[in-house]
2 protein chains.
Amino acid sequence: MRARIEDVAREAGVSPKTVSRVLNNEPNVRNEMRERILAAVEMLGYRPNPSARSLASNRAFLVALLYDNPSPHYVMEVQQGALEACDAHQYSMMVRPLVSGAPDFVERVDVLISQFRPDGLLLTPPICDHPALLDMLRTRNVPWASISPKNYTEGVGATLDERSASCEMVLHLASLGHRRIAHITGHPTHGGNVWRLRGYRDGLEQAHLAYDPELVVEGRFSFDSGVAGARRLFALEHRPTAIFGANDDTAAGILWAAAERGLKVPKDLSVCGFDDIPLARQVWPALTTVRQPSQDMGRIAAMQLLRTIKSGKPGQMVSVPYTLRLRQSTGAAPRRVRP
Amino acid sequence: MRARIEDVAREAGVSPKTVSRVLNNEPNVRNEMRERILAAVEMLGYRPNPSARSLASNRAFLVALLYDNPSPHYVMEVQQGALEACDAHQYSMMVRPLVSGAPDFVERVDVLISQFRPDGLLLTPPICDHPALLDMLRTRNVPWASISPKNYTEGVGATLDERSASCEMVLHLASLGHRRIAHITGHPTHGGNVWRLRGYRDGLEQAHLAYDPELVVEGRFSFDSGVAGARRLFALEHRPTAIFGANDDTAAGILWAAAERGLKVPKDLSVCGFDDIPLARQVWPALTTVRQPSQDMGRIAAMQLLRTIKSGKPGQMVSVPYTLRLRQSTGAAPRRVRP
DNA sequence: GCCGAATGTGACAGCGCTGTCAATCAACCG
DNA sequence: CGGTTGATTGACAGCGCTGTCACATTCGGC
């Protein structure tokens, strides 16, 4: 049978409670004692029983990651990073896919909380911007951390300056000579969408290009919405020479639609995306995009959440850096626009 | 405070133990009583405390999904399916990314088991074919279910007849007039690789085409290995007119390398893959591939695992159907091969 | 060297549930 | 009709840990 705390206590010649103190990093244990106990733990290969721990302490040592996201790669990256942070702090993590548009969405999370009693939640877009959910969490006093929330000036979590990144991207296109730069937006309820769109407008302004509403098409952060959006833009009388997709999936759709129409990228059309998922390198030509360190963001948000849980004081909203990845899908604007 | 089993018992006018019996579907409870108790559970919105449950019963109501897989989409699909099955049976699921090549791989899983005491493990390729791990699990008497293991004639889990699927794919290419059909294999330690390769040879044989070792290049189930493998095949004096990638990532790499070399797909070269991940539709031209219902496989494997756990008798290895998805990346063999 | 405060340690109950086993009851047998 | 099953229910202990509180020890200031 596996070692219990009592065995460690006997081995170290102390009471179980003292062992418990050491394991939980509680103060008021002499150093000598602490070391003796840690040695005994090591020797017996002791691991606390999480169920007993959580039953007795009424803490679950559990963080739940909630997602509702069309991009498995993104979720996977965030999950990986969050898992790293949880492991490092001896917390376990559960994952839960959800449909944030479902009528019983908030209730489902409520059930989840009463069932598993997680110490905190990790929210990805668009869940992190769901007002009713956040209200419920506040009421139930459950801490949470957000990844890329719409409002990045408060709360706990990790963000990226999507507005500046988008602005830079548009300036890059402008510097290549593009004058008609279109944008296929993300899902209107995603926080990211708001900032990427705003950054697009910033970029136009800074490049002294007029904003033309005709050139902004609503998408859904998906491949299909990229295809559909690009088809609409191609049908314009005066079509754009560059299209900025709100994410890489969208941009891949644009590329696909361009190929369908026989347009050469980047000769006839420049295309760029956002996120730098593997797909960005796997399409032809490889996508110019903004690298977003999703895994780091997952790790950082989880760390801030754990800090909040442990200290009771809210952690920070950490901004992580982005990088422009210039690849083959963007190039000089064509002299003359082919239909 | 949240309702406890005692509250339900009081409400229904029975002992806590009887409530427990109902909640655990134990026999020997009168129907009338069962219904009264369920009504009380419903009324109070009672949810058993998983920690207390697992502490008292020495079962964790927990399944761990282990993966070491380069394809996030695949893992995500399996995860989603497995989660559905676990939810339906009131089990929770933890996920754990691992590196099966690491020297301490088996030990890490061992630690995981003694720490969380999962009732069973769900193994994805290539982990499900790791002999040392399986030995350890047998020794520790931990049940597991596999998804697409190399040996699909025994054990518990879900498989797909990859051999027949690959054979059909090759026959499809042969029917289009291709005579030099190449194959870029998967990672040599993956079970799937063995059967896909064998199916490729079956197909050649059934089409009365000679097997040419020059046309089989070792890959790693990755985009990059597809690019590298295709470059090698293009360098052959007598290059293939069709390349069958062991999975869609590989096939996407082949497409990329073809574009790089200026080869038109499918006019100059036919390409096909395996799995039907979203990427297959997102490249240009869309990939002909084999649809593998990964989510169903995750769900089915989890169900079989849960059955094993609950009954003590091993569940089955369930074979799920595949479908050929013919898209634009395959076409009639060229009359004359351009260099 | 004495006293109060700060620090270090342990005894014990109990978290919410289930396993064990005993008690009760109805059905059935000869 | 007494005895024997088997079905149904409950009492109670205890899973492995931590919170609470009491007690022991050390420290600093005068």
Side-chain angles (χ1 to χ4, degrees), chain A residues 1-38 40-41 44-62 90-92 114-117 119 309-310 312, chain B residues 1-38 40-41 44-62 90-92 114-117 119 309-310 312:
Chain A
M1 194 51 199
R2 176 183 173 197
R4 291 156 306 153
I5 199 170
E6 199 193 319
D7 304 321
V8 176
R10 197 177 317 111
E11 181 68 31
V14 296
S15 78
K17 179 65 220 189
T18 305
V19 177
S20 164
R21 276 197 257 272
V22 171
L23 293 170
N24 291 286
N25 281 314
E26 285 174 31
N28 302 340
V29 180
R30 265 186 305 153
N31 256 332
E32 177 216 338
M33 192 118 289
R34 192 178 293 273
E35 275 157 29
R36 212 160 81 206
I37 290 169
L38 289 176
V41 166
L44 296 173
Y46 169 74
R47 304 257 157 196
N49 178 321
S51 302
R53 220 150 116 109
S54 96
L55 180 60
S57 66
N58 203 27
R59 289 175 295 164
F61 297 94
L62 208 208
Q90 327 275 13
Y91 270 63
S92 57
S114 37
Q115 187 168 0
F116 295 101
R117 308 241 129 199
D119 300 303
I309 291 169
K310 289 185 167 180
Chain B
M1 192 52 197
R2 177 182 172 198
R4 291 154 306 155
I5 199 169
E6 201 192 318
D7 304 320
V8 177
R10 196 176 319 108
E11 181 68 31
V14 296
S15 78
K17 178 66 221 191
T18 305
V19 177
S20 164
R21 276 196 257 271
V22 171
L23 292 169
N24 290 286
N25 280 314
E26 285 174 33
N28 301 339
V29 179
R30 265 186 305 151
N31 256 332
E32 176 216 338
M33 192 118 289
R34 189 178 296 272
E35 276 158 30
R36 213 160 83 206
I37 291 170
L38 289 175
V41 165
L44 297 172
Y46 169 74
R47 303 257 157 196
N49 178 321
S51 303
R53 222 149 113 107
S54 98
L55 180 59
S57 67
N58 203 28
R59 288 174 297 165
F61 297 93
L62 207 210
Q90 326 276 11
Y91 271 62
S92 56
S114 37
Q115 188 167 359
F116 296 100
R117 308 241 126 199
D119 300 302
I309 291 169
K310 290 186 167 182

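Chain letters run A, B, ... following the sequence lines, proteins first and then strands; every chain starts at 1. Hydrogens, waters and symmetry mates are skipped; everything else that's a heavy atom, side chains included, is used.
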ask   = Want to settle it: does Pro27(B) or Ser51(A) sit nearer the 5' end of DNA chain D, counting the closest nucleotide to each?
value = Pro27(B)
ask   = Ala52(B) or Arg21(B): which one's nearest nucleotide on DNA chain C is closer to the 5' end?
value =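 Counting from the 5' end, the first nearest nucleotide belongs to Ala52(B).
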key: Leu55(B) or Lys17(B), whichever maps to the more 5' nucleotide of DNA chain C   = Leu55(B)
inquiry  = Once you apply a heavy-atom cut-off of 4.0 Å, does Phe61(A) come out as touching a base, just sugar-phosphate, or nothing?
reply    =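 Result for Phe61(A) = nothing.
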message = Students often get this wrong, so: under 4.0 angstrom with heavy atoms, is Asn49(A) touching a base, only sugar-phosphate, or nothing?
response =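 It contacts sugar-phosphate atoms only.
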request  = Taking the side chain as every heavy atom from C-beta outward, state whether Asp7(B) and Arg10(B) have any pair of such atoms under 4.5 Å apart.
outcome  =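 In contact.
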query = Are the side chain of Arg2(A) and the backbone N or O of Arg47(A) linked by a donor-acceptor pair below 3.5 Å?
reply = yes
ask   = Counting any heavy atom closer than 4.0 Å, what does Glu32(A) reach on the DNA or RNA strands: base, sugar-phosphate only, or nothing?
value =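 Glu32(A): no heavy atom of the nucleic acid under 4.0 Å.
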request  = Ignoring the backbone of Asn28(A), work out which of dA11(C), dC17(C), dT7(C) is nearest its side chain.
outcome  =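 Of the candidates, dT7(C) comes closest.
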ask   = Is a side-chain donor or acceptor of Arg36(A) paired with a backbone partner of Ala12(A) at a separation under 3.5 angstrom?
value = yes
task = Please tell me which of the listed nucleotides, dT9(D), dG10(C), dT18(C), lies nearest to the side chain of Val14(A)?
result = dG10(C)
query = Got a donor-acceptor contact below 3.5 angstrom from the Ser57(B) side chain to the Arg53(B) backbone?
reply = yes
